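Counting convention: from 1, in listed order, for ligands and their atoms alike. All values derive from a computational prediction rather than experimental measurement.
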Amino acid sequence: MKFHTTGLLTAITWVGYTSAQHFKRLGACPKLGCVFPPDQVDFFPGQYFDIRLEVHAPVNGSEAFNGGVPDQQFSFCIQKGDGACEDVSTFFNMTSEPELETWSFSYYEDLFAQDADEPTLVNVASKAYRALSLDIPGHYTAKLSYYNGSETVAHWLVRESPKEAKAKNVLLFIGDGMTQAMITAARLLAHKSINGRYQSLMQMDQMEALGHQMTHSIDSFITDSANSATALYTGKKSSVNALNVFADSSANSLDDPKVESVAELFRRRTGGPIGMVSTAFIADATPAALCSHTRDRDQYPSIVYEYLFGASALNGSFTWPTGCEGPDVIFGGGAEQFIAGPGSPNGTDFYKVFQEKGYNVVYNNTELQATGNDEKTLGIFSISNMAKWLDRQVYPENLLNQANSPTGDGTDAVDQPGLKDLTLKAIDILQARADKQGTGWFMMSEAASIDKMMHVLDYDRALGELLELDDTIRATIAHLKKIGQDENTLIVVTADHGHGFDVFGGADTKYLAAQTSDRKKRAAVGVYQNSGLSGYTVEKDSSPLNNTVVIGAQGPNFPVTWDPRYAYAAGFAANPDHREGYAVNKSGPRLPAVEVETDILDNVVNPSDQPDGEYHAPTSVCPDADSFAGFVVNGTLSVDQPQGVHSLTDVSVFASGPGSEAFRGVYNSIDIFFKIADALGLAADASDCDSD
Ligand SMILES: *[C@@H]1O[C@H](CO)[C@@H](O)[C@H](O)[C@H]1NC(C)=O
Ligand SMILES: *[C@@H]1O[C@H](CO)[C@@H](O)[C@H](O)[C@H]1NC(C)=O
Ligand SMILES: *[C@@H]1O[C@H](CO)[C@@H](O)[C@H](O)[C@H]1NC(C)=O
Ligand SMILES: *[C@@H]1O[C@H](CO)[C@@H](O)[C@H](O)[C@H]1NC(C)=O
Ligand SMILES: *[C@@H]1O[C@H](CO)[C@@H](O)[C@H](O)[C@H]1NC(C)=O
Ligand SMILES: *[C@@H]1O[C@H](CO)[C@@H](O)[C@H](O)[C@H]1NC(C)=O
Ligand SMILES: *[C@@H]1O[C@H](CO)[C@@H](O)[C@H](O)[C@H]1NC(C)=O
Ligand SMILES: *[C@@H]1O[C@H](CO)[C@@H](O)[C@H](O)[C@H]1NC(C)=O
Ligand SMILES: *[C@@H]1O[C@H](CO)[C@@H](O)[C@H](O)[C@H]1NC(C)=O
């Protein structure tokens, strides 16, 4: 089809020079007047949010305007439908007008400006209106007027939502960074196929509804986990590193305009118990976005402080009338935020603060299994991220010499629960507490290290985590049936973004190791008809006379072996320089690239990762013999990146249980929030209607 270039050119000319480039003056604000929540935002009826207005006056650079003096006389009105546009304070019946704030910030317009260290300076005039809500569904128009006739218009929609709940409980599983290509690869490793027919399937393959969702962020096409969790839990796209706020341009990361999460809304509307489960450190983005609000996901002490005390309690924050009020279950790693010290809130023993708030605190799997179901429970099982499934189950010696006990006593955290242990126990606690109050419950359970291991190109560990997630979903469905909650519980499984990953063939690791040149080693990769069949589901020494299906030590639905001679060959694009040998790294997670001394930040292959070496087939005498050997793969990323990065792909959504039919089709990440809130019937009561 012929392209109408004239239309395109007209459309482009008014767009600022800085829009849609590497660096932006302020994401989601291409004009000099900014409204947050910005254009195209949808709200759930009654959901709390803040408004932030900014007027920019760039002092220099390509957009320099008005001598760097921002208009302080800006006005802002809101109209419902075709009604009159009422001044914001009239519209919301405010008794006082917020104070005018002013500040400056700077940014680079492009890479040339960055190399030359010539930042553009911008002066700002701003106001923020806190803790508002719109209860009545319909279209709203918000207009910021500034600089004698310039206007920034935001179209907002308060979506309709059914008043009746379909599901009493919701369990949202997040496979962090999990793409369909990874699920396909995990199926290949763990499920036997005969002549092209799988003899068993992943649990995810068997859910009632399948959809897929778009993960891009509000102002960049690649998202991080903070921003994407915000979309999944609040129904609002935001910026990289932002947790449940729209990113403003001020330096204070706690003053950005907040939005209410599904966990907060569930707590506020139903009073029901909330569960937060992750194999990451518990202040990490995906769990944090359930309850915390900050522009900067790295503020771990504030993030965990907010779990207990809410956003208003944070020094430098503002009124926020909602919160998680201490989730009933918090399970994960990240003891560094609880042991008294530099990582804990105000340096206090934060375990003790939880205990004072009535929490039962547990530190290992034995204690977890033994503990009762009646109390709020904090389970912290390691310093930093929890151990990976492959290390816990196949190479347990890697748990030694870590000095990562959650108590901080310097011993090793060897008795760590897996995602299945965590999730099943969390269900029991939430159910016991919900029964007492006559409510349902809400839980998020995250397989965090699919992403963490994909970042370091450790595909075996990533797929082990993915199989553990699948095993957890399978066990969860069985457990819900057992306790009679399967018909009350909506289960949703999705990811927050992808990574460049797919399988393109098989690799003969023995042949690869025997070659001396990098180019010859690559001949070990077999493609198309030479890609072979899975070596993971058959016993190492199975003979043509005996094709018994052997169940691995870790049970069905996991590989029989992780180090067959013929391994899967996987990878793709978004990588730093690294060595590749297509063999499992038995001594722990990989470290693909290392920084070298140069005048720029430069990461090159780690010479000790998948190093050249002899191939030793594992034997009964030497079961863990190394069988590595790699060749150099040059990266495609900027050399300042030591790891693989997130990618654009849409990710799958699987759902079962009441309300699951809504998850069919193709939609945006933000729709997951609305679908869950609809299923739980969290819409405001008519009696709450007070917005206009
Ligand atoms: C803008 O002004 C600031 C402050 O004087 C200066 O540091 C910066 O280099 C200038 N940037 C450009 C793009 O001229
Ligand atoms: C806006 O109008 C006022 C009064 O006419 C004038 O003093 C001011 O310079 C104008 N500002 C801009 C940015 O055009
Ligand atoms: C330290 O405690 C004060 C209240 O005493 C609180 O406002 C502040 O947010 C706490 N700081 C952190 C990082 O938790
Ligand atoms: C709160 O912030 C103020 C100003 O930054 C600071 O002086 C004060 O020490 C802080 N208080 C706590 C408890 O962190
Ligand atoms: C579990 O934690 C408790 C309390 O810290 C401790 O007494 C016990 O020895 C731990 N058990 C194991 C197996 O690590
Ligand atoms: C087939 O292989 C399995 C696993 O190695 C072994 O236990 C079994 O005895 C073998 N059966 C025959 C008939 O050789
Ligand atoms: C390829 O990788 C090696 C090892 O990291 C590095 O020395 C070399 O400069 C890379 N080549 C390019 C074109 O980046
Ligand atoms: C396993 O990974 C670690 C961390 O990158 C590395 O030091 C080690 O050499 C790797 N082992 C092999 C045999 O590749
Ligand atoms: C503001 O007050 C008017 C008149 O009392 C009322 O109809 C409207 O619902 C109120 N709006 C809000 C947002 O409270």
Side-chain angles (χ1 to χ4, degrees), residues 252-255 283 288 291-294 296 298-320 323 335-351 353-357 360-371 377-383 387 392 396 399-400 402 404-417 421 457 518-519 575-580 591-598 600-612 630-642:
N252 180 355
S253 56
L254 295 176
D255 74 349
C291 303
S292 300
H293 305 73
T294 169
D296 176 7
D298 291 342
Q299 294 188 333
Y300 307 136
S302 312
I303 284 168
V304 296
Y305 193 82
E306 208 181 322
Y307 292 172
L308 270 190
F309 298 107
S312 309
L314 286 172
N315 202 6
S317 190
F318 298 87
T319 309
W320 186 243
E336 59 275 31
Q337 266 72 64
F338 296 86
I339 300 164
S344 74
N346 292 321
T348 55
D349 177 346
F350 214 51
Y351 286 126
V353 176
F354 267 82
Q355 278 158 340
E356 284 160 6
K357 279 287 208 175
N360 176 17
V361 179
V362 296
Y363 302 104
N364 54 42
N365 197 28
T366 308
E367 284 191 307
L368 177 72
Q369 299 310 326
T371 202
T377 307
L378 172 71
I380 300 295
F381 304 101
S382 68
I383 290 175
R392 279 198 341 269
L399 270 55
L400 303 177
Q402 301 295 312
N404 61 342
S405 162
T407 59
D409 67 3
T411 61
D412 300 327
V414 286
D415 181 24
Q416 297 186 44
D421 306 307
L457 318 186
D518 275 10
R519 296 196 78 75
N575 297 325
D577 295 352
H578 60 286
R579 300 181 65 87
E580 192 49 80
L591 178 68
V594 291
E595 201 182 319
V596 286
E597 275 304 306
T598 59
I600 56 164
L601 181 50
D602 195 3
N603 293 285
V604 300
V605 293
N606 175 8
S608 63
D609 185 34
Q610 312 264 337
D612 257 328
F631 51 82
V632 171
V633 180
N634 275 95
T636 48
L637 301 175
S638 166
V639 299
D640 64 2
Q641 297 293 321

Between ligand 5 and the protein, which N/O pairs fall short of 3.5 Å?
unit_1   : atom_1 : unit_2 : atom_2 : d
ligand 5 : 2 (O)  : N364   : ND2    : 2.3
ligand 5 : 2 (O)  : E367   : OE1    : 3.4
ligand 5 : 11 (N) : N364   : ND2    : 2.8
ligand 5 : 14 (O) : N364   : ND2    : 3.3

>> Suppose I only count heavy atoms of N634 and a 4.0 Å limit; which atoms of ligand 7 are within that range?
In response: 1 (C), 2 (O), 3 (C), 8 (C), 10 (C), 11 (N), 12 (C), 14 (O)

> Taking atom types as modelled, is there a side-chain donor on N606 or S608 under 3.5 Å from an acceptor on the other?
Replying inline: yes

> Hey, which atoms in ligand 7 end up nearer than 4.0 Å to a heavy atom of D577?
Replying inline: 1 (C), 2 (O), 3 (C), 4 (C), 5 (O), 6 (C), 10 (C)

> Under the ring pair (Phe, Tyr, Trp, His ring centres under 6.0 Å) test, which residues partner F631, sequence neighbours left out?
Replying inline: none

> How are the rings of Y305 and F309 set relative to one another: parallel (under 30°), tilted (30 to 60°) or perpendicular (over 60°)?
Replying inline: tilted

> OG1 of T348 to CD1 of I339: how many Å apart, nearest 0.5 Å?
Replying inline: 12.0 Å

>> I need the atoms of ligand 7 closer than 4.0 Å to a non-hydrogen atom of V605, numbered in the order shown.
In response: 4 (C), 5 (O)

> With distance as the sole criterion, is a donor-acceptor pair present between the side chains of D409 and T411 under 3.5 Å?
Replying inline: yes

> So, do L400 and V414 sit near enough that their side-chain heavy atoms are less than 4.5 Å apart?
Replying inline: yes

> Sequence neighbours excluded, which residues qualify as ring pair (Phe, Tyr, Trp, His ring centres under 6.0 Å) partners of Y300?
Replying inline: F281

>> Using a plain distance cutoff, I'd like to know if N315 has any nitrogen or oxygen under 3.5 Å from a nitrogen or oxygen of ligand 3.
In response: yes

> Against heavy atoms of P345, which atoms of ligand 3 measure under 4.0 Å?
Replying inline: 14 (O)

>> Please verify the inter-ring angle class for Y351 with Y363; under 30° counts as parallel, over 60° as perpendicular, anything in between as tilted.
In response: perpendicular

>> Restricting to ring pair (Phe, Tyr, Trp, His ring centres under 6.0 Å), what partner residues turn up for Y307, sequence neighbours left out?
In response: none

> Going by the atom numbers of ligand 7, which of them fall below 4.0 Å from some non-hydrogen atom of V604?
Replying inline: 5 (O)

